[in-house]
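Please read the structure below before turning to the comments.
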Amino acid sequence: MNPPREGDVLGGRYRLSRQLGEGGIGVVWAADQVTTGKKVAIKLLKEEPNADVSRFLREAKIVSQLTHPNIVQVFDFWDGREGTPVFMVMELLAGESLATRLQRIARLTAPQTEEVALPIVRALE
């Protein structure tokens with residue numbers, strides 16, 4: 001399968017609009033739900049020989065059952081049927097990544113570190 005591109009529609013429901021980032025196992029895109037127009041984030045599992053589809057789908061299912069203000073909501077996921085990539089659909093958050101912030105300011109102050117770390121700790125409680 002070809003790499004995803006702007007305008008591609010996944011699962012007949014989600015139109016990709018722009019790539020937001022890339023990590024070790026996935027690529028995250030901003031997208032629109034085609035029938036409602038709702039803005040979402042799509043995390044696509046990279047198509048690699050060692051891609052762990054079952055682990056990715058298990059994560060999507062578990063996270064979709066969590067409700068906490070500091071944990072991203074997962075609305076939907078797709079298992080790769082009919083040649084569509086494996087992906088999960090999440091709420092689209094505003095802001096910047098910690099990596100981008102550190103590129104911009106180089107180092108967090110103690111209060112800034114607390115501002116970043118406290119929500120993570122609360123989510124893990």
Going only through I, L, V, M, F, W and Y residues with side-chain contacts under 4.5 Å, is there a path from [X] to [Y]?
| X | Y | answer |
| --- | --- | --- |
| Val28 | Phe77 | no |
| Val34 | Leu44 | no |
| Trp29 | Val63 | no |
| Trp78 | Met88 | no |
| Ile71 | Ile120 | no |

Applying side chain to side chain contact (heavy atoms under 4.5 Å, CB included), run through Val86 and Leu57 and close with a yes or a no.
CA-CA 8 Å; Val86 176; Leu57 294 173; 3.9 Å; yes
Would Leu98 and Leu108 satisfy side chain to side chain contact (heavy atoms under 4.5 Å, CB included), going step by step from the backbone distance to the final call?
CA-CA 10 Å; Leu98 181 57; Leu108 297 177; 4.0 Å; yes
Could you go through the side chain to side chain contact (heavy atoms under 4.5 Å, CB included) check for Gln73 and Leu66 one step at a time?
CA-CA 7 Å; Gln73 287 186 298; Leu66 299 175; over 6 Å; no
Report yes or no: do [X] and [Y] form a side-chain donor-acceptor pair below 3.5 Å?
| X | Y | answer |
| --- | --- | --- |
| Tyr14 | Asp8 | no |
| Gln33 | Thr35 | yes |
| Gln103 | Thr100 | no |

So does [Y] get a backbone contact from the side chain of [X], meaning a donor-acceptor N/O pair under 3.5 Å?
| X | Y | result |
| --- | --- | --- |
| Glu6 | Arg18 | no |
| Thr113 | Thr109 | yes |
| Asn70 | Pro119 | yes |
| Ser17 | Ala30 | yes |

Kindly check if the number of other-residue, nucleotide or ligand heavy atoms within 6.0 Å of CZ (Arg101) is above 12?
yes
Flag side-chain contact, heavy atom, 4.5 Å: [X] against [Y]:
| X | Y | result |
| --- | --- | --- |
| Lys39 | Asp32 | yes |
| Val89 | Arg13 | no |
| Leu45 | Phe87 | no |
| Met90 | Lys43 | yes |
| Arg55 | Ile25 | no |

Is any side-chain N of the basic residue among Glu96 and Arg104 closer than 4.0 Å to the acidic one's carboxylate O?
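Looking at Glu96 and Arg104, the cut-off is met.
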Does Glu22 form a salt bridge (charged side-chain N to carboxylate O under 4.0 Å, His left out) with Lys46? I'd like the steps, not just the answer.
CA-CA 9 Å; Glu22 185 170 348; Lys46 287 182 181 176; 3.0 Å; yes
Checking side chain to side chain contact (heavy atoms under 4.5 Å, CB included) for the pair Leu92/Leu20: CA distance, chi angles, key distance, verdict?
CA-CA 10 Å; Leu92 180 61; Leu20 298 174; 3.7 Å; yes
Closest non-hydrogen atom pair, Ala41 against Glu91
CB-O, 3.8 Å
